[in-house]
Amino acid sequence: MLDLHYWSDQPMEPFFHSHMFYEVYYFHSGKCNYLIGDQIYELAPGDLIIMYGMTLHCAKTDPSVEYIRSIIHFEPTSLQPYIELPHAQNILQPFQQLNNYRLRLRGEDKAEVERILARMHEYQKRRDTIGDNRLRLAFVDLLYMILDHCEQPLLNRNRQEYSSEKEATVQRIISVLEENYTDDLNMELLEERLHLSKSYLSKLFKEVTGVTIFHYIYTRRINEAKILFLMQPELSVTEVCFRLGFKHLAHFSRLFKQYAGMPPEQFRKREHT
């Protein structure tokens, strides 16, 4: 599977989602904070993000600015023939080892990516076998460019830079949430851990991410529930409920349906039938 989308539209309300495939996201223009797992990226034109799909991610955009991006979804197994060619390299390595990572492409690097994406769009519009194969080859070329730019990050995987003090502060909040999202969290605990007032924490988090702290916590728990249902089918709905920090099954079921679109029992059954 290889799906390429080019979207130019007015921003939507931010919503968290995840999927089983890998993703390449390229930001053309607009104003956007992109939240992926426990990382926040304040985007600028030329930013390219690689994503391991099962990580929860969400775009928070400015409604007054047109939001333009290219998104490629693909199954990693579909690229296996290209990895097995003589002298080929593992073009999936950045996804496998960095999981989710932003490249800040500028100048000729930015222009090169946009040329490749433009070619891919043209090949996709052909809707024939030759066009489909040229689309895949252009995508492999893009992945080799990504691999080239990820050489240093792969050697230094723990480096993280922040574009603003606000972003760094929210990153600290998210790190605490990620460490404790299955616990009985409350604003008083966060205030104590982060040495910041409850009102400031709430306001700053919403400003940078577009969602509230508890929306993030509940979405993180529901996303983890989906993963547990997928990866550990022997777990019951009740076991998953309490493992993720919910005190009442009814509350878990209501939120799961709200965020996932169906009750947890139905989701669990659908994934293993």
Side-chain angles (χ1 to χ4, degrees), residues 2 4 16-30 32-60 69-80 82-85 87-117 120 138-179 208-209 220 223:
L2 175 61
L4 169 66
F16 290 97
H17 59 285
S18 62
H19 38 70
M20 295 297 291
F21 36 81
Y22 289 179
E23 179 175 325
V24 175
Y25 170 104
Y26 182 78
F27 183 66
H28 293 273
S29 65
C32 178
N33 284 337
Y34 215 104
L35 177 62
I36 311 172
D38 64 347
Q39 301 292 322
I40 301 171
Y41 301 100
E42 187 176 330
L43 299 185
D47 284 2
L48 182 149
I49 303 175
I50 61 170
M51 282 184 263
Y52 178 80
M54 282 306 290
T55 307
L56 199 65
H57 51 282
C58 168
K60 190 259 185 177
R69 68 279 192 203
S70 292
I71 297 176
I72 305 167
H73 294 150
F74 68 100
E75 294 282 359
T77 54
S78 67
L79 295 174
Q80 201 61 36
Y82 302 98
I83 296 174
E84 294 174 351
L85 290 171
H87 311 296
Q89 292 182 271
N90 182 9
I91 50 179
L92 298 178
Q93 186 183 8
F95 299 86
Q96 294 164 340
Q97 295 189 15
L98 299 176
N99 292 335
N100 308 291
Y101 190 77
R102 173 180 62 180
L103 294 173
R104 314 216 75 174
L105 303 173
R106 302 295 183 263
E108 180 53 33
D109 291 333
K110 178 176 180 289
E112 182 179 0
V113 164
E114 292 177 359
R115 285 195 297 268
I116 295 173
L117 289 170
M120 291 179 67
F139 182 50
V140 170
D141 186 27
L142 177 62
L143 291 179
Y144 266 106
M145 182 181 180
I146 291 171
L147 179 64
D148 191 17
H149 282 274
C150 285
E151 184 177 7
Q152 187 59 40
L154 285 167
L155 294 174
N156 187 15
R157 291 164 55 185
N158 295 322
R159 182 178 180 184
Q160 176 66 45
E161 298 177 354
Y162 303 103
S163 60
S164 71
E165 184 61 33
K166 285 184 177 180
E167 187 180 343
T169 301
V170 173
Q171 186 61 64
R172 285 173 54 213
I173 298 171
I174 289 178
S175 295
V176 172
L177 297 180
E178 284 294 310
E179 291 172 5
V208 174
T209 68
R220 181 68 179 86
N223 187 69

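Note that this is a predicted model, so its numbers are computed, not measured. Values below: all heavy atoms of this structure, side chains included; hydrogens, waters and symmetry mates excluded.
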Quiz item: Do Leu117 and Tyr26 pass the side chain to side chain contact (heavy atoms under 4.5 Å, CB included) test, and can you show the C-alpha distance, the side-chain angles, and the key distance before you say yes or no?
Solution: CA-CA 9 Å; Leu117 289 170; Tyr26 182 78; 3.7 Å; yes
Quiz item: How about Glu108: does its CD atom have over 12 heavy atoms from other parts shown lying under 6.0 Å from it?
Solution: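 Buried by this count: over 12 neighbours within 6.0 Å.
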Quiz prompt | Tyr25, OH: over 12 other non-hydrogen atoms inside 6.0 angstrom | solution =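 Buried by this count: over 12 neighbours within 6.0 Å.
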Would a 4.5 Å heavy-atom cut-off, applied to side chains only, mark [X] and [Y] as touching?
{"X": "Val113", "Y": "Met145", "result": "yes"}
{"X": "Leu43", "Y": "Ile49", "result": "yes"}
{"X": "His149", "Y": "Pro94", "result": "no"}
{"X": "Phe139", "Y": "Val24", "result": "yes"}
{"X": "Ser78", "Y": "Leu2", "result": "no"}
{"X": "Tyr52", "Y": "His57", "result": "no"}

About how many Å separate [atom2] of [Y] and [atom1] of [X], when rounded to the nearest 0.5 Å?
{"X": "Glu114", "Y": "Leu105", "atom1": "CD", "atom2": "CG", "value": "9.0 Å"}
{"X": "Leu4", "Y": "His73", "atom1": "CG", "atom2": "NE2", "value": "10.5 Å"}
{"X": "Ile50", "Y": "Ile146", "atom1": "CD1", "atom2": "CD1", "value": "6.5 Å"}
{"X": "Arg220", "Y": "Leu177", "atom1": "CZ", "atom2": "CG", "value": "10.5 Å"}
{"X": "Ile173", "Y": "Thr169", "atom1": "CD1", "atom2": "OG1", "value": "7.0 Å"}
{"X": "Asp47", "Y": "Tyr41", "atom1": "CG", "atom2": "OH", "value": "10.5 Å"}

Which pair of heavy atoms, one from [X] and one from [Y], lies closest together, and at what distance?
{"X": "Cys150", "Y": "Leu103", "value": "SG-CD2, 4.0 Å"}
{"X": "Arg106", "Y": "Gly46", "value": "NH1-C, 3.5 Å"}
{"X": "Met51", "Y": "Asn100", "value": "CA-OD1, 3.3 Å"}
{"X": "Ser70", "Y": "His28", "value": "OG-NE2, 2.8 Å"}
{"X": "Leu142", "Y": "Met120", "value": "CD2-SD, 4.4 Å"}
{"X": "Tyr144", "Y": "Gln89", "value": "OH-N, 3.0 Å"}

Quiz item: Is the Phe95-Phe74 ring centre distance short of 6.0 angstrom?
Solution: yes
Exercise. Would you please test Ile116 and Glu112 for side chain to side chain contact (heavy atoms under 4.5 Å, CB included) and show each step?
Key: CA-CA 6 Å; Ile116 295 173; Glu112 182 179 0; 4.3 Å; yes
Practice problem: Evaluate ring pair (Phe, Tyr, Trp, His ring centres under 6.0 Å) for Tyr34 paired with Phe27, printing each intermediate quantity in order. | Solution: CA-CA 10 Å; Tyr34 215 104; Phe27 183 66; 9.0 Å; no
Quiz item: Going through the checks in order, is the side chain to side chain contact (heavy atoms under 4.5 Å, CB included) test met by Asn33 and Thr209?
Solution: CA-CA 7 Å; Asn33 284 337; Thr209 68; over 6 Å; no
Quiz prompt | Verdict with supporting geometry, Leu147 and Gln93, side chain to side chain contact (heavy atoms under 4.5 Å, CB included) | solution = CA-CA 7 Å; Leu147 179 64; Gln93 186 183 8; 3.9 Å; yes
Exercise. Report the C-alpha separation of Glu42 and Arg102 in whole Å, then their side-chain angles, then the decisive distance to 0.1 Å, and conclude whether the salt bridge (Lys or Arg N to Asp or Glu O under 4.0 Å) test is met.
Key: CA-CA 10 Å; Glu42 187 176 330; Arg102 173 180 62 180; over 6 Å; no
